Amino acid sequence: MLQALGLNALTESVYRALLADPDGGVEQIATTLHLSEAEVREALDELLELTLLRPAADSRTLRAVSPEVGLTRLLARNQNQLLFRQQQLENARTAIEALSAEYTDRRTDDEMVVRLDSLEAVRDRLEELAATATEECLSLMRGGAVRPDSIQAGKHPNRLALERGVAIRSIFQDSFRNDPDTLRYARWLADLGGQTRTVPVLPMRLVIVDRSIALIPSDPGDGRRGALELHGQALVQPLRALFDELWRNGADFGQPAPRDDQDLTGSERALLQLLGDGHTDESAARRLGLSLRTVRRMMQDLMNRLGAESRFQAGAQAARNDWL
């Protein structure tokens, strides 16, 4: 109970024993508490250092200082140390803000786009942004299932941001609903106050922080090649509008994928649209974040429901049924 004041459990038990029996010697305390005499003497040394022991009237023995005096004095000492530490942290915060302002003032128009050349640099920058965000963090999570190392890397900064009251909203692809690791991560995020939705297709990976900074992939086809960090309303605002539109059309992650009036899921309708636009099964699978086998199984199910024997016939029948 007194660890906050610097007493460990053993030292506290010896202090309590001395309060209960002021005349108890080292041997008696050791027997009562089932400790070695060396442990008792070590605890007595710590109590002396904390000024919770004082010489008795005969100057040959030590007496425990009453809690009203000793512990209250120790509490005041710790409070003073805490106030001093808080002042140091406030001074550090002021220095950080001054340095940040100086850096921002020196930013040139050429630095409205900053290149992050590796996946490690992107992760480090995302951790920095999560630590300094004040309002919100938005993200589009395009592609297949989130890698376990990416999930683990994002948990700590996300937790800290949510604890500070920063809103976190993420949009995944519908295909993520089939991945157990991503599902667990979405539930973990929701338990802390984060929100997630899904849509069938996402145009890119994207992170927006406080409506002022956005990160997009340098190469949409290979996230390992780093990202571009964008600054300024002219660059960030259109991306924020894109996120808002996708969010309005998304489905809550915790609910089953919704079906429309034709009993189609968003992924099924998106697959029909992609194939109608000339995509192959392989490219449609990449856009939807699904396996090739899943895409072909979905298409076969759609053909069966349309009563079609070929894809051409399925396309014509889908158009007649207002599926497209």
Side-chain angles (χ1 to χ4, degrees), residues 113-114 116 118-177 179 181-231 233 235-254 266 287-289:
V113 179
V114 179
L116 304 172
S118 67
L119 182 59
E120 290 74 19
V122 174
R123 286 179 176 173
D124 289 345
R125 183 58 175 145
L126 287 173
E127 190 166 351
E128 291 175 2
L129 291 172
T132 57
T134 59
E135 297 180 17
E136 64 178 10
C137 294
L138 313 176
S139 60
L140 302 182
M141 304 296 291
R142 182 191 178 195
V146 184
R147 291 168 54 91
D149 60 333
S150 297
I151 290 176
Q152 195 59 39
K155 275 191 170 184
H156 180 64
N158 283 342
R159 180 191 293 275
L160 293 180
L162 287 165
E163 288 175 351
R164 294 198 316 275
V166 176
I168 292 183
R169 290 189 290 156
S170 303
I171 303 178
F172 296 83
Q173 292 193 213
D174 285 343
S175 59
F176 283 51
R177 295 173 177 269
D179 179 63
D181 289 334
T182 308
L183 282 171
R184 281 192 292 270
Y185 173 69
R187 293 191 186 104
W188 174 86
L189 196 63
D191 289 341
L192 294 178
Q195 295 178 280
T196 54
R197 290 185 180 179
T198 67
V199 296
V201 180
L202 287 172
M204 69 180 87
R205 282 183 174 266
L206 170 67
V207 175
I208 303 175
V209 178
D210 288 344
R211 308 186 184 189
S212 59
I213 300 175
L215 268 65
I216 61 173
S218 299
D219 179 354
D222 186 359
R224 294 171 298 180
R225 299 186 64 179
L228 300 178
E229 180 178 328
L230 311 180
H231 295 256
Q233 288 296 312
L235 297 177
V236 177
Q237 187 56 38
L239 297 173
R240 172 61 193 266
L242 169 65
F243 180 92
D244 288 342
E245 180 66 20
L246 291 167
W247 184 264
R248 281 192 292 271
N249 294 319
D252 289 337
F253 206 112
R287 292 290 301 275
L288 294 170

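Reckoned from all heavy atoms, side chains included, excluding hydrogens, waters and symmetry mates. Computed from a predicted model, the values in this text were never measured in an experiment.
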>> Is there a side-chain contact between Leu288 and Val201 in this structure, where contact means two heavy atoms from C-beta onward sitting under 4.5 Å apart?
In response: yes
> Is it true that Glu128 and Arg125 make a salt bridge, defined as a side-chain N closer than 4.0 Å to a carboxylate O?
Replying inline: yes
>> Pair Leu228, Val114 - check side-chain contact (heavy atoms from CB on, under 4.5 Å), show working.
In response: CA-CA 6 Å; Leu228 300 178; Val114 179; over 6 Å; no
>> Using 0.5 Å steps for rounding, measure from the OG atom of Ser139 to the CG atom of Leu202.
In response: 10.0 Å
>> Taking Glu135's backbone N and O only, do any of them form a donor-acceptor pair with Asp210's side chain (distance below 3.5 Å, no angle check)?
In response: yes
>> Give me the atom names and distance for the closest heavy-atom approach of Pro238 to Gln233.
In response: CD-O, 3.8 Å
> For the residue pair Arg225 and Asp219, what are the closest heavy atoms and their distance?
Replying inline: NH1-OD2, 3.2 Å
> Can you name the nearest heavy-atom pair linking Leu162 to Gly194, along with the distance?
Replying inline: CD2-N, 4.0 Å
> Can you tell me how far the CZ atom of Arg169 sits from the CD1 atom of Ile208, to the nearest 0.5 Å?
Replying inline: 9.5 Å
> Which distance, rounded to the nearest 0.5 Å, do you find between the CG of Asp191 and the CZ of Arg187?
Replying inline: 9.5 Å
>> Between Arg240 and Asp244, does any NZ, NE, NH1 or NH2 come within less than 4.0 Å of an OD or OE carboxylate oxygen?
In response: yes
>> Please give me the minimum heavy-atom distance between Trp247 and Arg197, naming the atom from each residue.
In response: O-NH1, 2.7 Å
> What do the steps show when you test His231 against Ile213 for side-chain contact (heavy atoms from CB on, under 4.5 Å), and what is the final call?
Replying inline: CA-CA 5 Å; His231 295 256; Ile213 300 175; 3.8 Å; yes
> Looking at Met204 and Ile216, what are the two nearest heavy atoms and their distance?
Replying inline: SD-CG2, 3.9 Å
> So how far is it from Leu206 CG to Leu140 CG, rounded to the nearest 0.5 Å?
Replying inline: 4.5 Å
> Do you know the tightest heavy-atom contact between Leu239 and Ala214?
Replying inline: CD1-CB, 3.8 Å
>> Test your reading of the model: is there a side-chain donor-acceptor pair from Glu163 to the backbone of Leu192, 3.5 Å cut-off?
In response: no
>> To the nearest 0.5 Å, what is the distance between CZ on Arg123 and CD on Glu120?
In response: 7.0 Å
> Going through the checks in order, is the side chain to side chain donor-acceptor pair (under 3.5 Å) test met by Thr196 and Ser170?
Replying inline: CA-CA 5 Å; Thr196 54; Ser170 303; over 6 Å; no
>> Working to the nearest 0.5 angstrom, can you tell me the gap between Leu242 CG and Gln237 CD?
In response: 11.5 Å
> Do the non-hydrogen side-chain atoms of Leu129 and Cys137 ever get within less than 4.5 Å of each other?
Replying inline: no
